[in-house]
Amino acid sequence: MKVAVVLNTSWNIYNFRLNFIKSLLAEGHEVHTIAPVDDYTHFLTEIGCIHHNVKMDSRGANPVKDLGLLIELWSIYRKLKPEVVLHFTIKPNVYGTLAAAILGIPSVNNVCGLGTVFLKDNLVSKIAIWLYKISFKYPSKIFFQNPDDLKLFVSRKLVTEQKADIVPGSGINLEHFTPADFQRNETFTFLMISRLITDKGVLEYVEAIQRFKQQGIKAKFQVLGAIDPEHKRGIKEKTIAKWIEEGTFEYLGTTDDVRQFINDADCVVLPSYREGTPRTLLEAASSAKPIIATDVPGCNHVVENNINGLLCKIKDDKDLADKMMQMQAMDNARLQAFGKNGRIKMESQFDEKLVIKKYLAELKNIQIAS
């Protein structure tokens with residue numbers, strides 16, 4: 001089959017869907033990737049994908065730009081004539097699906113996360129939900145990354161139960177993220193892996209760190225992830241610079257390989273407001289690291305409280321600090337148990353092979369139907 005895979009960045013395809021793409025190629029499918037060109041695009045073409053550049057601003061809603069994206073995707077699909085289009089991330093899910101529907105091309109969608117659309121009640125959210133309702137009539141299958149998101153879409157009549165299914169996020173490569181020998185740092189080290197935007201709970205993490213310092217509790221705090229001040233909910237560079245200068249946390253920048261940073265930490269923290277299935281938590285759990293995350297959809301499907309980590313309240317820096325202090329106070333045996341339980345959970349529920357299997361099965365269904 002001629003399969004088109006559409007995301008908001010080539011980086012996203014390379015980092016989260018590479019083995020899926022390789023599986024499609026191994027099955028004999030002709031794979032066309034559609035995303036803005038970036039430093040990772042060449043990796044896709046080198047393994048055999050045919051890439052198509054598209055303009056896409058994932059930072060917010062702009063009616064003119066979004067209409068332009070719809071037209072651009074329609075134009076690419078019309079020329080390419082794929083037998084199926086696989087959409088990931090919000091804008092491809094909405095505008096890519098409409099473009100495919102106009103041309104009568106089957107599509108499969110993946111709701112990677114809800115963004116802020118369902119966290120706020122304003123005009124932009126109402127328009128976005130309406131667009132979901134219109135566009136999600138057309139895909140043959142819509143995969144969700146956690147049951148809460150699926151239930152929400154069904155309850156709002158945005159999708160039918162018959163079309164909806166669940167996959168464990170993008171899954172995790174268990175051979176790539178493996179546990180290192182347990183070793184506790186002399187100074188207990190917390191690591192947050194995230195873009196520096198408010199929805200990820202960065203402000204709560206900083207406030208929790210301040211509580212540690214006010215109580216005179218010694219620990220090390222790190223942040224790994226991109227600074228994105230142009231994002232609608234991005235944190236200003238001068239604010240981040242001030243935190244770094246004051247020694248609030250150690251900023252590690254960005255990396256193409258997070259494994260060493262995870263292995264060097266004692267605990268991974270993600271106080272996010274809502275997720276699909278957070279990749280950073282899958283990577284941490286697969287590496288047998290204890291986790292602290294918010295008790296919200298997405299996070300609480302990866303972290304089981306007092307099993308492989310601790311869950312804290314959303315937007316509550318005091319509770320986050322309390323959970324971090326609890327984690328630091330644990331003995332080595334309990335930390336190791338949390339790590340071991342997380343690894344077992346990844347092996348049984350989040351292996352990326354489970355995701356790939358579902359997609360390949362859906363492609364066969366589409367092939368048979370056509």
>> Tell me if a side-chain donor or acceptor on N146 pairs with a main-chain N or O of G276 at a distance below 3.5 Å.
In response: yes
> Could you give the distance from CD (E72) to CH2 (W74), rounded to the nearest 0.5 Å?
Replying inline: 12.5 Å
> Which pair of heavy atoms, one from N93 and one from N110, lies closest together, and at what distance?
Replying inline: ND2-O, 2.9 Å
> Have Q145 and D149 got a donor and an acceptor in their side chains that come within less than 3.5 Å?
Replying inline: no
> Considering residues at least two apart in sequence or located in another chain, which fulfil the ring-ring contact (aromatic ring centres under 6.0 Å, His included) criterion with F20?
Replying inline: Y359
>> Rounded at 0.5 Å granularity, tell me how far CG in N332 sits from CZ in R334.
In response: 13.0 Å
> Could you walk me through whether E204 and Y273 pass the side chain to side chain donor-acceptor pair (under 3.5 Å) check?
Replying inline: CA-CA 10 Å; E204 287 77 12; Y273 299 169; 2.9 Å; yes
> Does one side chain, of S286 or R343, offer a donor that lies under 3.5 Å from an acceptor on the other?
Replying inline: yes
> Has the side chain of S194 got a donor or acceptor atom that lies under 3.5 Å from a matching backbone atom of L196?
Replying inline: no
>> Show the nearest heavy-atom pair for residues T248 and I209, with the distance to one decimal.
In response: O-CG2, 3.3 Å
>> For the residue pair K345 and F350, would you count it as a cation-pi contact if the rule is NZ or CZ under 6.0 angstrom from the ring centre and within 45 degrees of the ring axis?
In response: no
> Side chain of K163, backbone of P139: donor and acceptor closer than 3.5 Å?
Replying inline: yes
> How are the rings of F43 and Y40 set relative to one another: parallel (under 30°), tilted (30 to 60°) or perpendicular (over 60°)?
Replying inline: tilted
>> Less than 3.5 Å apart, any donor N or O on the side chain of S170 or R279 sitting next to an acceptor on the other?
In response: yes
> Hey, are D148 and H301 close enough side-chain-wise for a donor-acceptor pair under 3.5 Å?
Replying inline: yes
>> Suppose we screen for ring-ring contact (aromatic ring centres under 6.0 Å, His included). Which residues come up paired with H29, at least two apart in sequence or across chains?
In response: none
> Atom CG in D264, atom OG1 in T189: separation rounded to 0.5 Å?
Replying inline: 8.5 Å
>> Counting neighbours of NZ on K313 that are heavy atoms of other residues, nucleotides or ligands and sit closer than 6.0 Å, is the number greater than 12?
In response: no
> Are the aromatic ring centres of W11 and F16 under 6.0 angstrom apart?
Replying inline: yes
> With respect to I13, which candidate in I21, V6, T41 satisfies the side chain to side chain contact (heavy atoms under 4.5 Å, CB included) definition?
Replying inline: I21
>> Checking S140 against E362: is there a side-chain donor and acceptor pair closer than 3.5 Å?
In response: yes
> Listed by chain and number, what are the ring-ring contact (aromatic ring centres under 6.0 Å, His included) partners of F190, not counting sequence neighbours?
Replying inline: F188, F212, F221
> Are side-chain N/O atoms of H32 and H51 paired as donor and acceptor at under 3.5 Å?
Replying inline: no
> Can you name the closest pair of heavy atoms from V54 and L73 and give their distance?
Replying inline: CG2-CD2, 4.1 Å
>> Can a side-chain donor-acceptor contact be found between E283 and T280 if the only test is distance below 3.5 angstrom?
In response: no
> Above 12 or not: heavy atoms from other molecules or residues under 6.0 Å from CD of Q183?
Replying inline: no
> So, T294 side chain and S272 main chain: donor-acceptor pair closer than 3.5 Å or not?
Replying inline: yes
> Which atom pair, heavy atoms only, marks the closest approach of D266 to T187?
Replying inline: OD2-O, 3.9 Å
Sequence neighbours excluded and cut-off under 3.5 Å, please list the side-chain donor-acceptor pairs for residues 77-84, or say none.
unit_1: Y77; atom_1: OH; unit_2: H87; atom_2: NE2; d: 2.9
unit_1: K81; atom_1: NZ; unit_2: R78; atom_2: O; d: 3.2
unit_1: E83; atom_1: OE2; unit_2: K2; atom_2: N; d: 2.7

> Mind checking what makes salt bridge (charged side-chain N to carboxylate O under 4.0 Å, His left out) contact with D295, not counting sequence neighbours?
Replying inline: none
> Which residues pass the salt bridge (charged side-chain N to carboxylate O under 4.0 Å, His left out) test with K323, sequence neighbours left out?
Replying inline: D319
